[in-house]
Structure formats: C-alpha cells, structure tokens
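Contents: one structure, followed by commentary.
All values below were derived from every heavy atom in this structure, side-chain atoms included, with hydrogens, water molecules and symmetry-related copies excluded. One-based numbering along the sequence shown.
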Amino acid sequence: MPRSAPAFLLLLLGCASYRPLKSTGEPYAPGPSWTSLFDGRTTAGWRGYRKDSLPAGWQVVDGALTRVGLAGDIISTGTYANFELTLEWKISPGGNSGIFYRASEDTDAIYWNAPEMQVLDDSGHSDGRSRLTAAGSDYGIYPSPAGVVKRAGEWNAVRLVVNGTHVEQWLNGVKVVEYEFGSPDWTARVAASKFAPHPHYGKNTAGHIGLQDHGDWVAFRNIQIRVLP
C-alpha cells in the first residue's frame, strides 16, 4: 500500500490540472483564463446604471453582492462582447430580479436595450405563471422549461454564453434557452414583444453585465467571466 501512494498523488495532480466542460453544461471551477467580477468582500467593479458610483442599497453580505434596499440596477464597470459568464443567485420568496448582458446606457432603462436572463421565485411570483417570464427565460422573448429553478432561498447556478450572435442560457446544469441574435425567429419574437418600440433592444455587440433591482432581496456570488476569442 505505501508504494502506491506516489502514483495516486500523481493521478490527483493530473486530474486537478484538467478542466473540461461538463456534458451538462455546468462549468468546472474557473481557471486562469477566468476573471472575477466580484471578490466577495468589496463592491469594486460595479456601479449604478447611468451613475458614477454604486447605490447604497447594494452591499456585500456573507460574501454575496446583495440588494438590501432601494437602489436601482447596477452594471459592471467593464464591457464585454463575446464571453462566458458564471454566477450563483438566490432570491427571497416572491422575488424578482435579472441578469442583463451587452448592456449600454443609451436608454432610460437598461431593459430597453439589454436582453435579460430572468431571476425569479417561480412559485411565488406572478411572472412564474408564464414560461416566457419565468426563471431562466430570455425575458419576454424565449421561454424556459419548468422544474429547473430551485426554491426561494436556495442558490441557483448560471452559465451564460454570448458569442457573436449565438446565446446560450444555462440554469443548474440545464440549457434552458438558446437563440441567435438577428435571426428571423428572434426578429419576429422581438416584434411581437413589449420591446418592439425600442430600436436599441438586443442590438449591442458589446456591453456591460447588469444586475436588476426589481424591489426584492436578491444575492449574487461567485461572479466569473472569461472572454471568448
């Protein structure tokens, strides 16, 4: 038994250096190519939408970027075109929030230009009655399947891939939405949605990551991003 120990240690080291993507779409722990957007201790790297600083209603609580009071939506200070984003979120009973991507600041509200991956307590909020506005959906455009989101108060894992015109939204290891910006299907869906009067919606080729203040307690942690070539 003692003689086998070195070989076993080498196997462990080899496994530790190998970071394939799980077949379920759930990412392994981010490696050197990833950048943290939230260090778990400070709010550095974030500010209010169309503001110079972070509203006081967003604070670090137990290692999570948390909406604790009246604040408004917030955005990353950096902008991204093609990327893979991973994070975890947890929301209060009946709560509503969202994750925006490729956001600009040329509209009064962030949601008039940036697509949103819905963050929701499906069982406790009226938006959960429609899959178009339920947790994991591309809000108002592409529906998500039922039975994927966890109960309020539990952490949910997100993987968001935005590469050129291609978008994938993963929730708890399940690909819940996939679409192409500018495709005939996407164009028709936008035209039939509440975003139709807003010409900037979904047109940005790069932009900020945004987190929504919808008036409810919500927390985000382990926010990591890697730029895609």
Taking a hydrophobic cluster as the set of Ile, Leu, Val, Met, Phe, Trp and Tyr residues connected by side-chain heavy atoms closer than 4.5 Å, whether directly or through intermediates, do Phe38 and Trp217 fall within one such cluster? no

Do Asp121 and Ser123 meet the criterion of a side-chain donor-acceptor pair at a distance under 3.5 Å? yes

Do you see a donor-acceptor pair shorter than 3.5 Å between the side chains of Gln169 and Tyr101? yes

Verify side-chain contact (heavy atoms from CB on, under 4.5 Å) between Trp89 and Ile99, making sure each step is shown before the conclusion. CA-CA 10 Å; Trp89 61 261; Ile99 303 161; 4.3 Å; yes

Can you name the closest pair of heavy atoms from Ala191 and Ala196 and give their distance? O-CB, 3.4 Å

With rounding to the nearest 0.5 angstrom, report the CG to CH2 distance, Leu85 to Trp34. 7.5 Å

Any side-chain heavy atom of Leu120 sitting closer than 4.5 Å to one from Ile91? no

Are side-chain heavy atoms of Arg226 and Gln224 found at a separation under 4.5 Å? no

Salt-bridge test for Glu154 and Lys90: reply yes if a basic N is under 4.0 Å from a carboxylate O, no otherwise. no

Please tell me whether Ile141 and Val148 are part of a single hydrophobic cluster in this structure, the criterion being side-chain heavy atoms less than 4.5 Å apart. yes

Thr35 and Phe83: CA distance, side-chain angles, deciding distance, side-chain contact (heavy atoms from CB on, under 4.5 Å) verdict: CA-CA 11 Å; Thr35 300; Phe83 61 88; over 6 Å; no

With a 4.5 Å limit on heavy-atom distance, are the side chains of Leu171 and Val158 in contact? yes

Does a donor on one side chain and an acceptor on the other come within less than 3.5 Å for Asp216 and Ser92? no

Assess, by modelled atom type and distance only, whether the side chains of Ser183 and Asp185 contain a donor and an acceptor separated by less than 3.5 Å. no

Give the ring-plane orientation class for Tyr179 versus Tyr142, where under 30° counts as parallel, over 60° as perpendicular and anything between as tilted. parallel

Less than 4.5 Å apart, side chain to side chain, heavy atoms only: is that true for Val167 and Pro115? no

Could you please spell out the steps behind the side-chain contact (heavy atoms from CB on, under 4.5 Å) verdict for Glu116 and Ile110? CA-CA 9 Å; Glu116 174 192 353; Ile110 190 172; over 6 Å; no

Give a yes or no on whether a salt bridge exists between Glu88 and Arg221, defined as a side-chain N under 4.0 angstrom from a carboxylate O. yes

Would you name the heavy atoms of Ser76 and Tyr80 that are closest together and state the gap between them? OG-CE1, 3.9 Å

Pairs in or reaching into residues 128-137: which pass side chain to side chain donor-acceptor pair (under 3.5 Å), with residues at least two apart or in two chains? Asp122-Arg131, Arg131-Ser144

Does the side chain of Asn82 come under 3.5 Å of the side chain of Arg102 through a donor N or O and an acceptor N or O? yes

Any pair with a residue in residues 55-73 that passes side chain to side chain donor-acceptor pair (under 3.5 Å), sequence neighbours left out, goes on the list, sorted by first then second residue, please. Arg67-Asp213

Should Arg47 and Glu105 count as an ion pair when the cut-off is N to O under 4.0 Å? yes

Give, for atom OG1 of Thr86 and atom CG of Leu160, the distance between the pair rounded to the nearest 0.5 Å. 10.0 Å

Minimum side-chain heavy-atom gap Thr43-Leu65 below 4.5 Å: yes

Find the distance between CD1 (Ile74) and NE2 (His208) and round it off to the nearest 0.5 Å. 12.5 Å

Between Val68 and Ile223, is there shared hydrophobic-cluster membership here, with clusters defined by ILVMFWY side-chain heavy atoms closer than 4.5 Å? no

Shortest non-hydrogen separation from Gln212 to Tyr111 and the atoms involved: NE2-CD2, 4.3 Å

Does any N or O in the side chain of Asn163 come within less than 3.5 Å of the main-chain N or O of His166, such that one atom is a donor and the other an acceptor? no

When you measure from the side chain of Ser193 to the backbone of Val190, do you find a donor-acceptor pair of N or O atoms at a distance under 3.5 Å? yes

Taking salt bridge (charged side-chain N to carboxylate O under 4.0 Å, His left out) as the test, write out the residues that go with Glu180, two or more places apart. none

Report the distance from atom OG1 of Thr77 to atom CD1 of Ile209, rounding to the nearest 0.5 Å. 11.0 Å

Drop me the distance from Glu84's CD to Leu228's CG, to the nearest 0.5 angstrom. 6.5 Å

Between Thr42 and Asp39, does any side-chain donor sit less than 3.5 Å from a side-chain acceptor? yes

Is it true that atom CZ of Arg50 has more than 12 heavy atoms of other residues, nucleotides or ligands lying nearer than 6.0 Å? yes

Heavy-atom side-chain proximity of Val149 to Asn156 below 4.5 angstrom: yes

So, Trp46 side chain and Leu37 main chain: donor-acceptor pair closer than 3.5 Å or not? yes

If hydrophobic clusters are built by linking Ile, Leu, Val, Met, Phe, Trp and Tyr wherever their side-chain heavy atoms come under 4.5 Å apart, do Trp112 and Phe100 end up in the same one? yes

Could you grab the distance from atom CZ of Phe220 to atom CH2 of Trp155, nearest 0.5 Å is fine? 9.0 Å

Are any of the side-chain heavy atoms of Tyr201 and Asn113 separated by less than 4.5 Å? no

In the single-linkage hydrophobic clustering (I, L, V, M, F, W, Y; side-chain heavy atoms under 4.5 Å), do Tyr139 and Val162 co-cluster? yes

Classify the ring geometry between Phe181 and Trp186 as parallel (under 30°), tilted (30 to 60°) or perpendicular (over 60°). perpendicular

